Number of protein chains: 2
Amino acid sequence: MFREKGYAGTSMRDLANAVGIEAASLYNHIKSKEDLLLQICVAVAQDFFDALDEVKNVEMPAEKKLALVIEKHVAIVTQNLDGAAVFLHEWRFLRKDNFDRLKNIRKKYRQEFQTIVQAGVEEGVFRNINPKLYSLSVLSALNWIYDWYKPNGELTPSELAKQFSYILLEGLKK
Amino acid sequence: MFREKGYAGTSMRDLANAVGIEAASLYNHIKSKEDLLLQICVAVAQDFFDALDEVKNVEMPAEKKLALVIEKHVAIVTQNLDGAAVFLHEWRFLRKDNFDRLKNIRKKYRQEFQTIVQAGVEEGVFRNINPKLYSLSVLSALNWIYDWYKPNGELTPSELAKQFSYILLEGLKK
DNA sequence: CCTACCGATCGGTAGG
DNA sequence: CCTACCGATCGGTAGG
């Protein structure tokens, strides 16, 4: 519901209605509307970091590592389209402390992604591109998947990931 | 303000306050809050289509054409970060008819972009990638620029566009 | 462009 | 998990 109507556009009464209770009763389950948003964001963030940690320190060629991270990222987004959308878009409605907390989490993820790219550049297996710009672009493309991906469409998540890696690594030009 | 606080999170009183008048007075300038959102979205959409039309039917290699469209797209986003953000994110708060209208506009732009990619594939100058997936990914990366681009940062829009084209066309792998 | 105001709705609490 | 309710705020209108 946060994804579809936006955080600000979703009322406690909307949420309560969706689960068949009164708005006031929701406060037996959650601390506040914002806390609910926080919980969603933190949970999704955890998924991303768990995936990253599985790959981060494994010894493998930069090319393989990047492809693997992309695959895992795609898997998380496609398996939880709503959660991903909220984590990526609605997190900014958190207030002060929670806002800063999520901002840092997002930054850290991007940086770890960037480290993998950078390693490939330094090893000489990747072209001499701008690792930061590259990482931002790739993550943008990956993150936007939630906006158009249809779970029952023609593309499976793993095929999607494969095509992504291919495009990114090989380039468009023949 | 729509960008920063979101459409739903921005009140008429917020807007009025920003221009130093009362909320009620805003209605001498705009029809409604939604109409204001619509105007912003339509104006930005027009920018994108104007740019596309300048390139669309010009005779040039697919590779050049794609690079040119990317350059123009980047220029529009970087020159109007707020507008781009609203066009890309807040448009969905439009109701029914306007929502559908914008949805079609966005789809049409993506399709025209895709046509350029497809032409390159058919001419054999591009690899045999999935044009739709490719277009979605590139546009995602381009659209997300508004999220991190700093006007006074190290990258000029044209340099940004150049690096983008390079990465996309040549690929990451050496 | 203002004051004054409308009915509706907001997140949340009290008390059971 | 409910009823009843709080003060605040919402988009918008009437009338000047």
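Source: prediction; values computed, not measured. We name chains A, B, ... by the order of the sequence lines, and we start the count at 1 in each one.
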At under 4.0 Å between heavy atoms, how does the protein contact nucleotides 10-16 of chain D? Give one character per nucleotide, 5' to 3', with B, S or -. BBBB---
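Rounded to a whole Å, the CD1 atom of B:Ile21 is 5 Å from the P atom of C:dC1.
A donor-acceptor pair under 3.5 Å links the side-chain atoms of A:Tyr7 to the main chain of A:Glu34, judged by distance alone.
In this pair, B:Trp91 and B:Phe99 present their aromatic rings parallel. The plane angle is below 30°, not in the 30 to 60° band. The aromatic rings of B:Phe87 and B:Phe48 lie tilted to each other, with the angle between the two planes from 30° to 60°.
No salt bridge links A:Lys103 with A:Asp100; every basic N to acidic carboxylate O contact stays at or beyond 4.0 Å.
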Map every base of DNA chain C to its dot-bracket character, where paired means a Watson-Crick or G-U wobble contact with both distances under 3.5 Å and | marks a partner outside the strand. ||||||||||||||||
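Side-chain contact of A:Asp35 with A:Ser32: a donor-acceptor pair under 3.5 Å is absent, judged by distance alone.
A cation-pi arrangement is present between B:Lys108 and B:Phe49 under the rule of less than 6.0 angstrom and at most 45 degrees off the ring axis.
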With a 3.5 Å cut-off and sequence neighbours excluded, list the donor-acceptor pairs that the side chains of residues 155-168 of chain A form with protein atoms.
unit_1, atom_1, unit_2, atom_2, d
A:Thr156, OG1, A:Glu159, N, 3.2
A:Ser165, OG, A:Ala161, O, 3.1

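The neighbour count for A:Lys132 NZ, taken as heavy atoms of other residues, nucleotides or ligands under 6.0 Å away, does not exceed 12.
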